[in-house]
4 protein chains.
Amino acid sequence: MKPELRREQILRAATSVFAAKGYHRASVSDIIAAAGVARGTFYLYFEGKREIFAELVDVLTVRLINCMKRVDLGPAAPPWPEQLRMNVLHIATILAEERELTQMLYNHALGLDEDFDRKIREFYQNLTNRVEGAFRLGQEMGLLRPELHTRLATYHVIGSVKEVIYHLAKGGDLDLTVEAMVNELLSYYNLGLLKSQPKPQTAKPPRKK
Amino acid sequence: MKPELRREQILRAATSVFAAKGYHRASVSDIIAAAGVARGTFYLYFEGKREIFAELVDVLTVRLINCMKRVDLGPAAPPWPEQLRMNVLHIATILAEERELTQMLYNHALGLDEDFDRKIREFYQNLTNRVEGAFRLGQEMGLLRPELHTRLATYHVIGSVKEVIYHLAKGGDLDLTVEAMVNELLSYYNLGLLKSQPKPQTAKPPRKK
Amino acid sequence: MKPELRREQILRAATSVFAAKGYHRASVSDIIAAAGVARGTFYLYFEGKREIFAELVDVLTVRLINCMKRVDLGPAAPPWPEQLRMNVLHIATILAEERELTQMLYNHALGLDEDFDRKIREFYQNLTNRVEGAFRLGQEMGLLRPELHTRLATYHVIGSVKEVIYHLAKGGDLDLTVEAMVNELLSYYNLGLLKSQPKPQTAKPPRKK
Amino acid sequence: MKPELRREQILRAATSVFAAKGYHRASVSDIIAAAGVARGTFYLYFEGKREIFAELVDVLTVRLINCMKRVDLGPAAPPWPEQLRMNVLHIATILAEERELTQMLYNHALGLDEDFDRKIREFYQNLTNRVEGAFRLGQEMGLLRPELHTRLATYHVIGSVKEVIYHLAKGGDLDLTVEAMVNELLSYYNLGLLKSQPKPQTAKPPRKK
DNA sequence: CATGAATGAGTGTTCATTCAT
DNA sequence: AATGAATGAACACTCATTCAT
């Protein structure tokens, strides 16, 4: 069999095993059983359990990082809020597509290895910095409340998206399309949850029109 | 040494070992080394590694559940938003006090045991139901936007609080008192992040009146 | 190395370790040292210490049960006493061949596990029932003394055979072939030990007179 | 409490624990729980688990050895067969009285310790020698068949008594008094099990013909 | 005399990884 | 490339024994 296919096959098997049992409870035996290959074959394509897990996480991470566009202030660029919305939408779309990888990440990404933990933290650091940067920009542009504690707001938004995505990936009780979900979520960020008292013109009433 | 003290000592050692290394990488050897007791002593006070971890989680869980008051609509009760704020404040205060336990929970609570995972999930289920109940109530009372997807809003708030608390517990980059943080966070839920355009009179400057 | 051979090798090592030290004092370390394999290898072939011991016992038990023929009364069958003799001879031959297994069984089979004890007891129950059945038959056929307490006589014979076989397996002080031993033993069952004096008709009064 | 009483109390507790669970599965914790004394107290009266077990075995052994009278050929002595019968009766009576100790001995006496095993073996050696001595004597006196293999006959009788006593001690399916049992058993040794037909002079050929 | 908290050597078992075929 | 038998360090846990109080 073609090497790349074999790799792919093992990778797929590993994904579902990790998603189902979590990193620690998953064993190499589980993975090779799921992939239908011999023990030795596994080590022919991957350095070990940690490494195949890391690769899966990396693949997802890279896809996420690539889809996040830096906010562009050029004259031809779409408006700032729309750029933010697109970013959230892209992230959510990817995570919703890769349900197994996402579950894997959420449930068991931490605690396997100091190196590994660091990598995860770096990803979040990166994410946090980008979002906070966008928020500072928004403040400067007069779009966001100036008294906002941008770091806190950043964690607020990241946590909110993480949790919602998690439940979406887990499947079950959220009967929404990804797009609808993102729109609704953004309305929370924009308007809050309170009943809209006669609210001004620009506030982006997400979908209703 | 008095049994309770010894228990306490081991419990404390376990807490920091679990917080530092996570459940799986922590070994009983680590815990007894940290506590400075012999192997057998550990098993004199606890049934095993899983059990001492469960006890730590339970202690925290019970404290959290106890501090969450059901929303009370009686005439003498404080207003609904204030009740919500107090709940969030209590939770945040406890978690901020128990930094190590909180880190432990955030980082490594899932994936050790099917029974155990279930317990954690039940805790969140419980929490989700309470919050969503409160939100439905808020909608009926005309305080929340009627088109709100209450389940999504629930995850939004829970995720947001979780993330913020996590960073608070981790220590580091949030230079706020717990109270200030809660107030600011609630302002996001209430008003959103956008700059308040000439906003109406009632927009709920949360409790102040 | 071929799996079956390795299995065989470990099984043999376990047999002599168990025979020499008994189940409880034998450790898995002893067995792997005797077999010259690594710890993990042992668990590759056997579920654990209890299981390998059970397998050894089972092998012997099955061989014994298979060699015991039900007494057959058909017209073409050999006479009843000859059938009994053959059964005892077969059992004794097997046990004498499997000296180590036999020692293992005699010395240390009880007390390891409730399940296990039950299995051993069931084997003896089975044996007891078969022998007693044969004795009842013998009584009906008028070959055995009618006043015989068949259950007691059964224990008498089983105990006698067990003890003799044990010493045969232990090696040492019985300078007889298995066949000679069985013949002599049967003469005890048949005629007793006393010098045949003109025998009285009613059996009972061994010492009186 | 009086030291001897305390000793007695622990000894009694140990007896029933050992009888119920066997030497290996019985723990010092079981014994002290049954005796209602503290851990340290146990070690005040006994050197350890092995030693208390050894003491119980010793007590029984001494009683047994004391009750076995050497066969006496003096003119005033009772006849040889009666002396044998009395010995068997005494042994059986003691073992039947001390049911728990007897069960303990039967089930788990071997395999704990090389020293210990040796002691048990010595007891049986002693017993074997005495019985064989009596049998040789019987042969010389013309009471026993001269062609008897005395060693084999000895094991035959010892095994038979052991097994029968074991079932008597275990309780359950032997509905006989000790005395009746001994009489019946001796009739087997004397006369065999066969229906007394006009017995031939030469004893041997049970199956031939 | 009595206590029971403390000990730690020893056990059975797991599983990621290696390597001869 | 592929196999799977073999490895052994690491682990959670037990329990007979000790000794300060």
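Every chain is numbered from 1, with letters handed out A, B, ... down the list of sequences. The basis for the numbers below is simple: all heavy atoms, side chains too, and nothing from hydrogens, waters or symmetry mates.
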Starting from [atom2] on [N], measure out to [atom1] on [X] and report it in whole angstrom.
{"X": "D30(B)", "N": "dA10(F)", "atom1": "CG", "atom2": "C1'", "value": "12 Å"}
{"X": "F42(A)", "N": "dA5(F)", "atom1": "CZ", "atom2": "P", "value": "18 Å"}
{"X": "Y45(A)", "N": "dT17(E)", "atom1": "OH", "atom2": "P", "value": "18 Å"}
{"X": "H24(B)", "N": "dT14(E)", "atom1": "NE2", "atom2": "P", "value": "16 Å"}
{"X": "K49(A)", "N": "dT18(E)", "atom1": "NZ", "atom2": "C1'", "value": "18 Å"}
{"X": "R7(B)", "N": "dA6(E)", "atom1": "CZ", "atom2": "P", "value": "13 Å"}
{"X": "Y43(A)", "N": "dG4(F)", "atom1": "OH", "atom2": "P", "value": "16 Å"}
{"X": "F46(B)", "N": "dA6(E)", "atom1": "CZ", "atom2": "P", "value": "12 Å"}

Considering all heavy atoms of both residues, which atom of L95(D) and which atom of T102(D) are nearest to each other, and what is their separation?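 Of all heavy-atom pairs spanning L95(D) and T102(D), the closest is O-OG1, 2.9 Å.
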Quick one: on DNA chain F, does E51(B) or V28(D) contact a more 5' nucleotide (nearest heavy atom)? E51(B)
Take G48(B) and V37(A), find for each the nucleotide of DNA chain F with the closest heavy atom, and name the residue whose nucleotide sits nearer the 5' end.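 Nearest-nucleotide comparison on DNA chain F picks V37(A).
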Which part of the nucleic acid does T41(D) contact within heavy-atom distance under 4.0 Å: base, sugar-phosphate only, or nothing?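 Result for T41(D) = base.
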Counting any heavy atom closer than 4.0 Å, what does G40(C) reach on the DNA or RNA strands: base, sugar-phosphate only, or nothing?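 Here G40(C) touches the bases of the nucleic acid.
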Does a side-chain heavy-atom distance below 4.5 Å link F18(B) with L101(B)? no
For nucleotides dT21(F) and dC1(E), find the distance between their C1' atoms and express it as a whole number of Å.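 To the nearest whole Å, 13 Å.
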Is it true that the NZ or CZ of K49(C) lies under 6.0 Å from the centre of F42(C)'s six-membered ring and within 45 degrees of the ring axis? no
Looking at the base of dT14(E), is there any donor atom on it, or on the side chain of R39(C), that sits under 3.5 Å from an acceptor on the other one? no
Would you say S27(C) and D30(C) are linked by a side-chain donor-acceptor pair, where the criterion is simply a distance under 3.5 Å?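 Side-chain D/A pair, D30(C) to S27(C): present.
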Could you tell me if R12(C) and Q9(C) have a donor-acceptor pair between their side chains, going purely by distance under 3.5 Å?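 Checked: Q9(C)/R12(C) side chains show no N/O donor-acceptor pair below 3.5 Å.
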Taking only the side-chain heavy atoms of A38(B) (C-beta and beyond), determine which of dA5(F), dT7(E), dT17(F) contains the nearest atom. dT7(E)
Taking only side-chain nitrogens and oxygens of R6(C), does any of them come within less than 4.0 Å of OP1 or OP2 of dA6(F)?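 Yes, because at least one side-chain N or O of R6(C) sits under 4.0 Å from OP1 or OP2 of dA6(F).
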Under 4.0 Å between a side-chain N/O of S29(A) and OP1 or OP2 of dC15(E), yes or no?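 Result: no.
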Sorted by position of nearest nucleotide on DNA chain E, 5' first, the leading residue of G36(B) and E47(C) is G36(B)
Identified pairing partner of dC15(E), criterion: Watson-Crick or G-U wobble below 3.5 Å: dG8(F)
